[in-house]
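Notes follow once the structure below has been shown.
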4 protein chains.
Amino acid sequence: MSTSHGKALRADALRNRRRALDAATALLAEPGGPPKVEAIAERAGMGAGTVVRAFGGKDALMDAAVAELLEPLVLRGRQILERDGGPTALRAFLAELMAFQAAHYAVNDQLAGLDLPATTALRAELVRVVDAMLGEGREQGAIRSDIDPVLVTSLVGETAFTIAKASHGTPELAEAYLEVLMDGLRPRVP
Amino acid sequence: MSTSHGKALRADALRNRRRALDAATALLAEPGGPPKVEAIAERAGMGAGTVVRAFGGKDALMDAAVAELLEPLVLRGRQILERDGGPTALRAFLAELMAFQAAHYAVNDQLAGLDLPATTALRAELVRVVDAMLGEGREQGAIRSDIDPVLVTSLVGETAFTIAKASHGTPELAEAYLEVLMDGLRPRVP
Amino acid sequence: MSTSHGKALRADALRNRRRALDAATALLAEPGGPPKVEAIAERAGMGAGTVVRAFGGKDALMDAAVAELLEPLVLRGRQILERDGGPTALRAFLAELMAFQAAHYAVNDQLAGLDLPATTALRAELVRVVDAMLGEGREQGAIRSDIDPVLVTSLVGETAFTIAKASHGTPELAEAYLEVLMDGLRPRVP
Amino acid sequence: MSTSHGKALRADALRNRRRALDAATALLAEPGGPPKVEAIAERAGMGAGTVVRAFGGKDALMDAAVAELLEPLVLRGRQILERDGGPTALRAFLAELMAFQAAHYAVNDQLAGLDLPATTALRAELVRVVDAMLGEGREQGAIRSDIDPVLVTSLVGETAFTIAKASHGTPELAEAYLEVLMDGLRPRVP
DNA sequence: AATGAATGAGGGTTCATTCAT
DNA sequence: GATGAATGAACCCTCATTCAT
């Protein structure tokens, strides 16, 4: 007789969590530094106390919001890797990373110095995906090996978010950067 | 016409400005987010009110501090350009830019979203210097021309500060990044 | 005339009241200040709203909870008075009062400044019981009469709750206090 | 030429500290639970932030306020002990303790569970003074020795504050209590 | 003119109560 | 009727700025 869910009671709670998350990510995409709790609450159409209680503190909310943004990115990275393989995937994925970053105004800068476990974990995942792409590329001779592979991975992975910052709203710049980066990653001709 | 007394006071004021600036730049080089006015004042050995009054607000102080950091960088860029010319200068200068950024903990992030006219002007100066380096490089055929030169300049100039962020404290990473960037900027082999 | 359905609902409501009261008294016996409504609700295995609704506010719940703790104490006092009579009863009863207080962590302190009618009434009852004990004692010449009887009653009654506080967890101290108090209450030898 | 103080600059700061302290102790003497920071600030005629900054947090302010109340009490205790010696001093001092407590509405209860180092230290001082009084009394045979002296000291010292609670505004009750306590502390007649 | 204490708006958080489910 | 999430006022605290000394 009982549904398999047993969660009917939390329907509105989940909806509000969602709305708070959406509001947070939306504000994260705008200039003006870390969004205030009250601003998030207002945009979400709810009280300030609600967003705090729903996540247990502003930091946790931020973590959840960024994690929600990052998760599909990781999945997308794996998809692209499987579909295209190696260096082709790398280029496509980096383009998406940059587009993401461009769409979310300085997400990382705003959260510098905070303790965001989910975000940290997902960024590590991103690094792993990029590492896999670079690994395949090196095996195929498409990615240079004269620089410590670990460094290259770190470089691409760690800077993937910050490099896009400069290409704010100008896709051509991101494209140019990508072009330069990919060429720079090719093996040097002797 | 000016009394020696009035001059003495001016001298004091100037010395205070200087000490406040030194304190601000010193704190800008440390982790912990934007320095508080009181912290700057303490390090400068003066009252908090003096710091604010000397610059007319914290933002103006920050602007002055960053400008002071950037100014020698611009001069240095011009020097290097004259000395080495073109692409050689570019590489050397980018290395210095990164080292500077590494030495001044996330200066840009701390000041994101603020109105800093002097800083903005100096960053434009930096772009012009880089542009000159790239221009010479293109004329010599050492820098690729298949990407809009304006874009490349913007790319290098705008990202010069952010790219170093990821390589914090690991010079090898900065070096690797530089290597990749310079190779990516070379004309494509057909 | 009453439907069994209606009765069933009443039974539920009563059972909820009971569980809420039990939870409240249990938490009143623990350190940590006045228990939060949500803590009471959780321990009672019900929603926070139910707890409030069942009593019409937290204060009323607290009043009911303390009253429930005090009521058996009053009955016990009457029992002891009937059984032992006068001063013997007094000593035995005071010991129980202290034990009660020790078992219910600072009940009074937690509720200072609240409006608790039932509690107030029961405390008056306690005073009356103690008064009766003292009265018998005075008639028997076992309790001093050189101090205004009303004062002595008030003294013993009002302090019965607070004196035990200092002896928290150290029965010897409570015992010592009781010894001193009883001796002090004896008629002075001339 | 310079004054021996060198503190002229802080004249107003000290005055405000004093006013905040006075406001705090005044509110501590009134019913209504722990005073709110804003209430203290308003009564002291200053902003809320000022009282916090002046003491580094509400707890510290409370500690300072209570300590200020307690300090003269300790000194007074030592005076009385020197002047009267032993049990006479005890009675006089306890009377003052009770009067103090009566004048400062439930000071202790309001602060239960807080970390108040200065207060704690001063309370220990009070215990030591009382201990000295009891010790002399026991040597003179004026204070009973059939109860562990440590217990008696603890009893008197620890309860000195709480016992006065019941005598709110009624000196006769405090007097009656004192009478009973002193008699109870006498050696038992065999 | 410098000082550093006072200010006070604004921040995140808590919690008794209310209300949609 | 019970639920527990939403509410929102109230709390303590921070910090750039102001102002009496």
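Just so it is clear: chains get the letters A, B, ... in the order the sequence lines come, proteins before strands, and each one is counted from 1. Only this structure's heavy atoms are used, side chains among them; waters, hydrogens and symmetry mates stay out.
By the side chain to side chain contact (heavy atoms under 4.5 Å, CB included) test, C:Ala121 is found to be paired with no residue, residues two or more places apart in sequence or in another chain being considered. Under the side-chain hydrogen bond (donor to acceptor under 3.5 Å, both in side chains) criterion, D:Glu38 pairs with no residue, sequence neighbours left out. Among residues two or more places apart in sequence or in another chain, the side chain to side chain contact (heavy atoms under 4.5 Å, CB included) test is passed with D:Asp63 by D:Leu116, D:Pro117, D:Ala118, D:Thr119. For D:Ala20, the side chain to side chain contact (heavy atoms under 4.5 Å, CB included) partners are D:Met46, D:Val51, D:Phe55, not counting sequence neighbours. Checked against salt bridge (Lys or Arg N to Asp or Glu O under 4.0 Å), B:Asp22 has the following partners two or more places apart in sequence or in another chain: B:Arg18. Residues that satisfy the side-chain hydrogen bond (donor to acceptor under 3.5 Å, both in side chains) test with C:Arg17, not counting sequence neighbours, are absent from this structure. Applying the side chain to side chain contact (heavy atoms under 4.5 Å, CB included) test to B:Ala24 and every residue at least two apart in sequence or in another chain returns B:Ile40, B:Leu61, B:Ala65. In terms of the side-chain hydrogen bond (donor to acceptor under 3.5 Å, both in side chains) criterion, residue partners of B:Arg43 (sequence neighbours excluded) are, by chain and number, B:Glu30.
Taking every heavy atom of residues 54-64 of chain D and every atom of DNA chain E, no pair lies under 4.0 Å. A heavy atom closer than 4.0 Å to some atom of DNA chain F occurs in B:Lys36, B:Val37, these being the qualifying members of residues 36-44 of chain B.
In this structure, of E:dT13, F:dT14, E:dA5, it is F:dT14 that holds the atom nearest to the side chain of D:Val52.
Regarding contacts with the backbone of F:dG1, every side-chain N or O of C:Asn16 stays at 4.0 angstrom or more from both OP1 and OP2.
Going from atom CZ of D:Arg53 over to atom P of F:dC15 covers 10 Å, rounded to whole Å. Between B:Met46 atom CE and E:dG4 atom P the separation is 10 Å, expressed in whole Å.
Residue pairs meeting the salt bridge (charged side-chain N to carboxylate O under 4.0 Å, His left out) criterion with at least one member in residues 48-57 of chain B: none, sequence neighbours excluded.
For DNA chain F, each stem of at least three Watson-Crick or G-U pairs (distances under 3.5 Å) is given as range with range: E:2-21 with F:2-21.
Side chain of D:Lys58 to main chain of D:Pro35: a donor-acceptor pair is present (N/O by atom type, distance under 3.5 Å, no hydrogens or angles).
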